[in-house]
Amino acid sequence: MKRMPDKGKRMFLCKVMLVCLGIPTISAMEKSNADSIAQTLTLLKAEQALLEGKLFLFGEGPVRPDYRKAYYLFSRALSSNNVAPEAYYWLGYMDYNGQGLEEDVVLSLRWFLKAADRIDAQTDPLLSVSIYYAIGLLYKLKKNYQKALDFFSLILRFEESEMVMRARQQLAAIKPPFEWYRDGEHYKMGIGEKKQDFVEARKCFEIVASVQCYEQAEAWYELGNLCHLLQPDASKAIEYYEKAANQERNQMAKAWASERLGIFFSNAQGMQRDYVKAKEYCEKAAAIEIERPVRVWALLQLGCLLHDVPEIQDYSKAKECFEKVVSSELDARASIRASLYLGELYRLGHGAKRHYGKAKECYERVERQIFNFKAKAGAFFGLGLIYAEGDEHIQKDYNKSIEYLEKTLNQEIDLNLRAVAWFVLGSLYADNESTVQGYGKAKENLEKAADQEINTGVKAHALAWLGILFKEGLGVQKDFDKAKEYFEKAVELGDELVKERAEYELTDLAKEKER
């Protein structure tokens, strides 16, 4: 039989003796419960010591401040891990301020670091922020700026508060605002060693925005961009843009923010559309005397508002804006769009006397560019209309008109312009017997215009033209029933001008049938 080890034998004999004497032994479960009770008592004692320590530190009611007692009680509170972080914090606080003892910055930092090692930032964010801020200040005092930056930066992870704002100001005091702004730009664009990270970019711009500096307005503008990009949060973006737009120190940021607000209020991006405010901000941006594309785009945006929006429409002022954009030559894309608008104004005689020669110059300027095919299609269409009508400056030329309209249809254009181009081209073929293709081309294009649903006015006109073709037998065999069908469809669409003509044709058609 295997001998029991001496240690085991002694334990066994002890238990036998305790049983013989009537003394109960402690089971493992009972021992665990006892440990739990002991820990609870330790926690309660530590919490009481912490509470009393704060009473003696600050004094409250009948209790007068007693720094030595407070320091002793905070030391006793270290016995529980639950309370230790706050106890370490107050020990660091007292050593830093020399309350009851000599001021000791080194020991103070040591206490704060111990508090930081033990604190759970998620369960106690307020204490965590206070600890990180204190450590940052002490490292800054010791001129260990990198460590100070690290701890102040930890605070930026927490929700917006007074301490977060103070941490940003400390960060801006350690590292110049222009460097933070540069870092923000690098995070935003993913430049150099910094990978693209919009959250980090935002932190950098918020630091710059928290202090009075030249880059502050630019930081507000960039924060507006990021709010719109990340949330999107139109109201917060507008708040930042308006801060940048309403300052006077940085005219460039003011112009960019004002131009962006003009776009926001005119396009209703996540908010209620307000053309009056859009016009106000575009005017503000356009009035800033800077030779930069932002001013050109503000002028273009202002011109578009004055041209397109009935409640603030002013063709003369719109024309002035477009002419300034074209003459500036600062941005080719803006210049192309402005030229297209100017061509339309001269073609229709809006804001100036109708002048097809000047309209042609504008459209040809657009035609020569190679990057904006939508604008080019608009220029082809305008030239097609000019040559179809002619005036004292431009001789009427059906062939050129048809050539430009067919070029329009060969571009990637929106459905509305395509519908109008089909109709105009069809009516030109129908109205000009000398063209080679004749009425067959007229019927083909008019049918395409009549089959679309996006522009009912054009649809009605195309149906009426098709009715005339079949009534008169132009390029097709006469067919009064088909003509009647087309005229009736045109009347149903309700366009007053077409309705009057179609009803007249229906009456005339009935008379023709009676003969």
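What you see is a predicted model, and the numbers here were worked out from it, not measured in a lab. Numbering of residues begins at 1 and proceeds along the displayed sequence.
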**Student:** Identify each donor-acceptor pair in which a side-chain atom of residues 292-302 lies under 3.5 Å from a protein atom, sequence neighbours left out, and give them as a table.
**Tutor:**
| unit_1 | atom_1 | unit_2 | atom_2 | d |
| --- | --- | --- | --- | --- |
| Arg295 | NE | Ala286 | O | 2.7 |
| Arg295 | NE | Ile288 | O | 3.0 |
| Arg295 | NH2 | Ala286 | O | 3.4 |
| Trp297 | NE1 | Asp331 | OD2 | 3.1 |
| Gln301 | NE2 | Ser266 | OG | 2.8 |

**Student:** Once you measure the plane-to-plane angle for Phe151 and Tyr139, does it fall in the parallel (<30°), tilted (30-60°) or perpendicular (>60°) bin?
**Tutor:**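 Parallel: the ring planes of Phe151 and Tyr139 meet at under 30°.
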**Student:** Check for a donor-acceptor pair, side chain of Asn445 on one end and backbone N or O of Leu425 on the other, with a separation under 3.5 Å.
**Tutor:**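 Answer holds: no.
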**Student:** Identify whether NZ of Lys or CZ of Arg in Arg273 sits under 6.0 Å from the centre of the six-membered ring of Phe265 and within 45° of that ring's axis.
**Tutor:**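 Output no; distance or angle outside limits.
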**Student:** If you take the centroid of each ring, where Trp contributes its six-membered ring, are His461 and Phe423 closer together than 6.0 Å?
**Tutor:**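 Yes, close enough.
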**Student:** Between Phe264 and Tyr241, does the ring centre distance come in under 6.0 Å?
**Tutor:**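 Distance test on ring centres: under 6.0 Å, yes.
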**Student:** Taking the six-membered ring for Trp, are Tyr429 and Tyr439 ring centroids under 6.0 Å apart?
**Tutor:**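 Aromatic pair excluded; centres sit 6.0 Å or further apart.
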**Student:** Indicate whether any N or O donor in one side chain lies under 3.5 Å from an N or O acceptor in the other, for Arg260 and Tyr221.
**Tutor:**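 The answer is yes; a qualifying pair exists.
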**Student:** Is a donor from one side chain sitting under 3.5 angstrom from an acceptor on the other, for Tyr181 and Glu218?
**Tutor:**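 Present: a donor and an acceptor within the cut-off.
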**Student:** Please state whether the rings of His307 and Tyr315 are parallel, tilted or perpendicular, taking 30° and 60° as the class boundaries.
**Tutor:**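 The arrangement is perpendicular - the two ring planes meet at more than 60°.
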**Student:** Would you give the length of the straight line joining atom CD1 of Ile386 to atom OG of Ser401, rounded to the nearest 0.5 angstrom?
**Tutor:**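 Reported value, rounded in 0.5 Å steps: 10.0 Å.
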**Student:** Think Lys236 forms a cation-pi with Tyr240, using NZ or CZ under 6.0 Å from the six-ring centre and within 45 degrees of its axis?
**Tutor:**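 Yes, cation above the ring, under 6.0 Å and within 45°.
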**Student:** One thing to verify: whether Glu389 and Lys396 come together as a salt bridge, which I'm taking to mean a side-chain N less than 4.0 angstrom from a carboxylate O.
**Tutor:**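 Salt bridge: no.
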**Student:** Regarding Gln146 and Asp150, is there a side-chain donor-to-acceptor distance under 3.5 Å anywhere?
**Tutor:**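 There is such a pair between these side chains.
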**Student:** Examine distances only and state if a side-chain atom of Gln247 and a backbone atom of Asn250 form a donor-acceptor pair shorter than 3.5 Å.
**Tutor:**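 Side chain of Gln247 to backbone of Asn250, a donor-acceptor pair under 3.5 Å: yes, one is there.
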**Student:** Give, for atom CG of Leu342 and atom SG of Cys321, the distance between the pair rounded to the nearest 0.5 Å.
**Tutor:**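 The SG atom of Cys321 is 10.0 Å from CG of Leu342, to the nearest 0.5 Å.
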**Student:** Compare all side-chain heavy atoms of Val164 with those of Val129 and state whether any distance is below 4.5 angstrom.
**Tutor:**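 Of all side-chain heavy-atom pairs linking Val129 with Val164, none is under 4.5 Å.
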**Student:** Crowded around Lys317 NZ? As in, over 12 foreign heavy atoms under 6.0 Å?
**Tutor:**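 No - once you tally the heavy atoms of other residues, nucleotides and ligands closer than 6.0 Å, there are 12 at most.
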**Student:** Measure the spacing between CZ of Phe178 and CD of Glu215 and express it to the nearest 0.5 Å.
**Tutor:**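 Going from CZ on Phe178 over to CD on Glu215, the span is 8.0 Å.
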**Student:** Output yes when Lys324 and Glu320 qualify as a salt bridge under the 4.0 Å nitrogen-oxygen rule, no when they do not.
**Tutor:**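 Not counted as a salt bridge, because no side-chain N and carboxylate O are separated by less than 4.0 Å.
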**Student:** If you compare all heavy atoms of Trp180 against all heavy atoms of Val208, which two are closest, and at what distance to 0.1 Å?
**Tutor:**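 What the structure gives for the nearest pair is CB-CG2, 3.5 Å.
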**Student:** Please tell me whether Tyr281 and Asp274 have a donor and an acceptor in their side chains that are separated by less than 3.5 angstrom.
**Tutor:**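 The criterion, which ignores hydrogens and geometry beyond distance, is not satisfied for Asp274 and Tyr281.
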**Student:** Assess whether salt bridge (charged side-chain N to carboxylate O under 4.0 Å, His left out) is satisfied between Glu367 and Lys376, documenting all intermediate values.
**Tutor:** CA-CA 5 Å; Glu367 183 188 4; Lys376 184 173 276 197; over 6 Å; no
**Student:** Can Lys471 and Glu505 be counted as an ion pair, charged N to O under 4.0 angstrom?
**Tutor:**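 Glu505 and Lys471: salt-bridged.
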